[in-house]
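Below: one structure, written as structure tokens.
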Amino acid sequence: MTSFSTVFGSQPEGSWRAPGRVNLIGEHTDYNDGLVMPIALPNQIVVTAAARTDGRFAVATSGQDGIIEFALDELSPGSVDGWAAYPAGAAWILRESGYPIGGANLLVDSDLPTGAGLSSSAALLCATSVALLGLRGIDVDPGEVARLAQKAENQYVGAPVGLMDQMASMCCTAGHALYFDIRAMSTDQIPFDPAADGLALLVVDVKAPHRHVDGEYAARRKSCEQAAAELGVPALRSVEFGKLDEALAQLPDDVVRRRVRHVVTEIRRVEEAVELMHAGRLRDVGPLFTASHVSLRDDFEITVPELDVAVDAALAAGALGARMTGGGFGGCIIALVEADAADATLAAIEKAFAENDFTPPSSLAATPSPGASRLS
Ligand code: GLA
């Protein structure tokens, strides 16, 4: 691993971190003005930085050779590609939004798997944003940094993602899930400590890498927006759960109907989950996870065999609930299990993967961790 001074020949001024996330429930509802409930992971991206006076950027990762350079005033959407598009996008949106940032040398370090649906893109955008603002002593509300990072991902990188991942990376707190109502733009920190109830939340990477920039995520978003337009509402959040059948009857296309049914029932499941969590009934949240997975598999159609096999194996081993988490088409599952059944559940998933000739899965600790901060 390379150090900042080896790469840039000077000392850094500070380090900033931003975590990845898993979403407990509320999948693909954020761009429908819905409800989500992510936790931040202990895995994170760290950006070590020093300001430059020439308006230029040099970015490198501690794991790879090579420095990528660009000038702040020459940035325009898509002008830098590959992984460096994320730090470039963060610099671009801060400049576009009028923040007086300058150039910088940035070294990126990460223990957050990429392509595993754990939101490494949002973490890289957020970590770079807080580093660039921090270097200039500019104080910006975490929710605003999240909105800027989302704009950078939408407009600079060209991925039409919602606001969940960036909010999780900026606004989560240790020991809590972040209940985020996108329509109201309000957040609530919900105490989430499975261990205190004798439970464990497993996060299993099914090693089937995904990418959002490919068309499926955009296609799902487009169907939802078209359905909202056909129903004459600003977003699918406006379709009340109690009036779902009426709404579905107005939609001629079966695929669109199923997409809408996922979003509307998923928003309802978040409402139910948050009530149960407030009432201290964490075990009862399990069946909502499983119902969410079934809906994502059958109605939203964004699972892959690895995700389905992992969920089925966890449930067969006695998990209280299990579901894919994140954008879909690969990534991770979460499973809520009795703490003393955690090892047996992981072993059951590994066995099912071996039987199906899948790449062996890996698991991560799901300790609810704090959002972005300065490290040094
Ligand atoms: C990705 C996107 C988020 C959200 C999830 C699905 O992680 O970045 O905005 O839409 O997929 O819930």
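Order of appearance sets the numbers: ligands from 1, and atoms from 1 within every ligand.
Annotation for ligand 1: atoms under 4.0 Å from non-hydrogen atoms of Glu27 are 6 (C), 12 (O). Proximity to Arg21 (heavy-atom distance under 4.0 Å) selects the following atoms of ligand 1: 7 (O). Near Met164, meaning under 4.0 Å from one of its heavy atoms, ligand 1 places the atoms 4 (C), 5 (C), 12 (O). Near Asp165, meaning under 4.0 Å from any of its heavy atoms, are these atoms of ligand 1: 1 (C), 2 (C), 3 (C), 7 (O), 8 (O).
Below 3.5 Å of separation, one finds an N or O of Gly162 facing an N or O of ligand 1. Checked by distance only, ligand 1 and Tyr217 come closer than 3.5 Å through their nitrogen or oxygen atoms. Any N or O atom pair closer than 3.5 Å counts here, and Asp30 shares at least one such pair with ligand 1. Residue Asn23 has no N or O atom closer than 3.5 Å to an N or O atom of ligand 1.
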**Report entry** Full working for salt bridge (Lys or Arg N to Asp or Glu O under 4.0 Å) between Asp54 and Arg56
**Finding:** CA-CA 5 Å; Asp54 60 358; Arg56 291 190 62 79; 5.0 Å; no
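The distance from atom OG of Ser121 to atom CD1 of Ile45, rounded to the nearest 0.5 Å, is 8.0 Å.
Two residues are said to be in side-chain contact when any heavy atoms from C-beta on lie closer than 4.5 Å; Leu24 and Met277 meet this criterion. The closest side-chain heavy-atom distance from Gln64 to Thr2 is not below 4.5 Å.
Using the six-membered ring where Trp is involved, His262 and Phe300 have ring planes that are tilted, between 30° and 60° apart.
Under a 4.0 Å heavy-atom criterion, Gly326 is in contact with ligand 1. Using a 4.0 Å cutoff on heavy atoms, Met167 does not count as a contact of ligand 1.
Contact annotation for Met324 and ligand 1: no heavy atom of the residue comes within less than 4.0 Å of the ligand.
Side chains of Arg323 and Ser292: a donor-acceptor N/O pair is present below 3.5 angstrom, by distance only.
Salt bridge annotation for Glu272-Arg269: absent, with no cationic side-chain nitrogen under 4.0 angstrom from a carboxylate oxygen.
For Phe192 and Tyr179, the distance between ring centers is not under 6.0 angstrom.
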